[in-house]
Chemist: 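If you scroll down you'll find the structure; I have some questions about it.
Per chain, numbering begins at 1; letters A, B, ... match sequence-line order.
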Amino acid sequence: MATVRISAAAAPSSFSTLFTHEKAGMSNVDKEKIKRIVYEMSKDSAHFKEQERRDQRVTEHINACRERHQRIGADELKSHEQRADRLLVELDGHRNLERTWACVDMDAFFAACEALEDPSLRGDVVFAVGGTSMISTASYAARRYGVRSAMPGFIAQRLCREAGVSLRFVPVDFPKYLKFAELARTAFRLFDPHFIAASCDEAFLDLTDYCAHHAISGAEAATRLRHQVLEATRGLTCSVGIASSRMLAKIASDVNKPNGQYVVPAEREAIVSFIGPMPLRKIPGIGRVTERVLREVLGAETCAELLAKRAALCALFTARVAREHLSALLGIGGEGPPPLQREGEPSQKGVSQERTFEPTGAPL
DNA sequence: AATAGAAGGACCC
DNA sequence: AACCAGGGTCCTTCTTCA
């Protein structure tokens, strides 16, 4: 029944969430300028107003949560805290550090494929895959000017022009990317014939057997893996995260991107100190909306901060969701075999071999 | 009372 | 000068039907 009311004052909070996420290589003054340009070019569009409407609904939901939060009595909070602590002990007790998982993420995949086939795009060329209406992937050179995936091309063009450079567009060519994805997969198979293809530029590999068989560390396997991918594709780089769970491996794959790797040691202490300072948004499954809820209702920005608010977390969310978040905060998620079929096994549904990252309800 | 869809979100690349 | 994707999976909630 709430009438959707959009106040003028709500605008900044919504545009500030657009295309401003941190990537490297920009000063604060640049970022402010980029934000301003994106806002100026977006503010009158239908798309922007739709976005504001959604943000407003989320705001209402947050306000309702806040109210509930304030009503929680001390006793109630205490019992939620005990429940949370029991759950944490249980989850921690079942922590599985036995497997070595890798998450492989191709660097600027579409752009890298294009550059590989067109020498005029090599080096530090400022270009984007996509068109003036929508950008799919930006070259690293273009990212320095604030160009991002899912950004309208005409805005990207303006960002570059303001910086005195011109942005070149390259049309998307899916068959090309699938071809390179298949080449990369021939490399993945050398390490894990049953790897999980999460998307065309991302995969999970269980390196446990490979490491045991060759008597090498996860770090060494990651180095070999990156080398094999480079060779199989004749020039594409990727970033690799190594950890005892797929969730941690995925987060780790982002740490030294591009063309790098990062290992989270398979020890409880190392895992906890790796995940603690992580912004909540890094957790797969926590997106724009959930991040806002957690920050604006509980005041939590990082995993450690949310862990400190575990009682309220349990009070406000369903048991299922609370459990899901708590395990993520401990660095747990996706240790065991994946619930669905893997590469090389007969497909149940036939068409799509791709799986999402982690069907939740799965045993942790 | 249990359940199977459908619809609507959130989230991912 | 105009101009803001499209492919998915999964979860929650609502509705319906035997």
Side-chain angles (χ1 to χ4, degrees), chain A residues 14-15 17-19 21 37-58 60-62 103-113 128-138 147-159 161 167 169 171-172 174-175 177-178 181 196-204 238-239 246-247 250-251 253-254 257 280-294 317-325 328 333-334 338-341 348-362:
Chain A
S14 105
F15 82 81
T17 65
L18 240 45
F19 311 122
H21 43 284
I37 292 172
V38 171
Y39 174 63
E40 282 305 318
M41 297 189 79
S42 304
K43 65 179 173 23
D44 297 323
S45 70
H47 178 263
F48 185 79
K49 297 203 167 83
E50 171 65 20
Q51 186 79 22
E52 272 188 328
R53 208 179 51 78
R54 278 204 296 266
D55 283 352
Q56 185 60 35
R57 280 222 303 275
V58 173
E60 279 161 21
H61 176 236
I62 285 172
C103 175
V104 187
D105 199 291
M106 302 301 294
D107 300 326
F109 185 52
F110 292 1
C113 292
V129 177
T132 53
S133 63
M134 186 53 63
I135 281 173
S136 195
T137 311
V147 181
R148 292 286 181 275
S149 296
M151 175 182 271
F154 67 93
I155 293 179
Q157 207 162 32
R158 166 72 82 83
L159 290 176
R161 187 149 41 78
L167 177 66
F169 289 107
V172 296
F174 284 106
Y177 315 138
L178 289 177
I196 306 165
S199 71
C200 80
D201 81 327
E202 188 181 308
F204 293 94
C238 61
S239 297
R246 294 190 291 282
M247 186 203 68
K250 175 155 176 63
I251 297 173
S253 73
D254 198 48
K257 185 162 252 310
L280 289 165
R281 190 65 162 80
K282 297 275 184 185
I283 302 294
I286 296 185
R288 223 176 63 88
V289 172
T290 308
E291 179 191 36
R292 264 194 73 188
V293 173
L294 295 174
F317 291 87
T318 63
R320 228 198 126 278
V321 171
R323 183 193 174 92
E324 194 66 19
H325 286 151
L340 295 183
Q341 97 284 348
Q348 293 172 335
K349 294 192 185 168
V351 191
S352 167
Q353 267 205 349
E354 302 192 336
R355 317 174 42 260
T356 48
F357 174 60
E358 181 62 358
T360 47

Chemist: Provide, to the nearest angstrom, the distance between the CZ atom belonging to R320(A) and the C1' atom belonging to dT13(C).
Modeler: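 Between C1' of dT13(C) and CZ of R320(A): 14 Å.
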Chemist: Between which nucleotides of DNA chain B, read 5' to 3', does contact with chain A run, using atoms under 4.0 Å from its heavy atoms?
Modeler: dG9(B) to dC13(B)
Chemist: For atom C1', what is the distance between dC12(B) and dC3(C), given to the nearest Å?
Modeler: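 That atom pair is separated by 25 Å.
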Chemist: Can you give me the dot-bracket string for DNA chain C, 5' to 3', counting Watson-Crick and G-U wobble pairs with both distances under 3.5 Å, using [ ] for crossing pairs and | for partners on another strand?
Modeler: .....||||||||||...
Chemist: Base, sugar-phosphate alone, or nothing: which one does I286(A) contact when heavy atoms must sit under 4.0 Å apart?
Modeler: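 Answer is sugar-phosphate: I286(A) comes under 4.0 Å of backbone atoms only.
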Chemist: Might you work through the side chain to side chain contact (heavy atoms under 4.5 Å, CB included) test for D105(A) and D254(A), ending with a clear yes or no?
Modeler: CA-CA 8 Å; D105(A) 199 291; D254(A) 198 48; over 6 Å; no
Chemist: May I ask you to decide if K250(A)'s main-chain N or O and S253(A)'s side chain share a donor-acceptor pair within less than 3.5 Å?
Modeler: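 Side chain of S253(A) to backbone of K250(A), a donor-acceptor pair under 3.5 Å: yes, one is there.
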Chemist: Between dT15(C) and dA1(B), how far apart are the C1' atoms? Round to whole Å, please.
Modeler: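 So the two C1' atoms sit 15 Å from each other.
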Chemist: When the distance from NE2 of H47(A) to C1' of dA2(C) is rounded to whole Å, what number comes out?
Modeler: 16 Å
Chemist: Provide the closest heavy-atom pair for F48(A) versus S42(A) in the form atom of the first, atom of the second, distance.
Modeler: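 In this case the closest contact between F48(A) and S42(A) is CB-O, 3.1 Å.
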Chemist: Between P on dA2(C) and CZ on F169(A), what's the gap in Å once rounded to a whole number?
Modeler: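 Interatomic distance, CZ of F169(A) to P of dA2(C): 16 Å.
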Chemist: Less than 4.5 Å apart, side chain to side chain, heavy atoms only: is that true for L280(A) and H325(A)?
Modeler: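 Side-chain contact under 4.5 Å: no.
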Chemist: Looking at residues at least two apart in the chain, or sitting in another chain, which of them share a side-chain hydrogen bond (donor to acceptor under 3.5 Å, both in side chains) with S136(A)?
Modeler: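 With sequence neighbours excluded, S136(A) shows a side-chain hydrogen bond (donor to acceptor under 3.5 Å, both in side chains) to no residue whatsoever.
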Chemist: Would you indicate what S133(A) reaches in the nucleic acid, counting non-hydrogen atoms under 4.0 angstrom: base, sugar-phosphate, or nothing?
Modeler: sugar-phosphate
Chemist: Under a 3.5 Å cutoff, is there a donor and acceptor pairing between the side chains of D107(A) and S239(A)?
Modeler: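 There is such a pair (donor and acceptor under 3.5 Å, judged by atom type) between the side chains of D107(A) and S239(A).
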Chemist: Students often get this wrong, so: under 4.0 angstrom with heavy atoms, is R54(A) touching a base, only sugar-phosphate, or nothing?
Modeler: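 If one applies the 4.0 Å heavy-atom cut-off, R54(A) turns out to touch nothing in the nucleic acid.
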Chemist: Whether the Q56(A) and R53(A) side chains hold a donor-acceptor pair (N or O, under 3.5 Å, no angle test) is what I'd like checked.
Modeler: no
Chemist: Once you round it to whole Å, what is the distance between P of dA2(C) and NZ of K43(A)?
Modeler: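 In whole Å, dA2(C) P lies 13 Å from K43(A) NZ.
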Chemist: Would you indicate what T290(A) reaches in the nucleic acid, counting non-hydrogen atoms under 4.0 angstrom: base, sugar-phosphate, or nothing?
Modeler: sugar-phosphate
Chemist: Please give, in whole Å, the distance from dA1(C) P to M41(A) CE?
Modeler: 12 Å
Chemist: I would like to know whether T290(A) and R281(A) meet side chain to side chain contact (heavy atoms under 4.5 Å, CB included); could you show each step before the answer?
Modeler: CA-CA 8 Å; T290(A) 308; R281(A) 190 65 162 80; over 6 Å; no
Chemist: Give the rounded distance in Å between these two atoms: CZ of R158(A) and C1' of dA2(C).
Modeler: 12 Å
Chemist: Mind calculating the distance between CG (D44(A)) and C1' (dA1(C)) to the nearest angstrom?
Modeler: 15 Å
Chemist: Rounded to whole Å, please give me the gap between CZ in F174(A) and P in dG7(C).
Modeler: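 Rounding to the nearest Å, CZ of F174(A) and P of dG7(C) are 9 Å apart.
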Chemist: Pair K43(A), K49(A) - check side chain to side chain contact (heavy atoms under 4.5 Å, CB included), show working.
Modeler: CA-CA 8 Å; K43(A) 65 179 173 23; K49(A) 297 203 167 83; over 6 Å; no
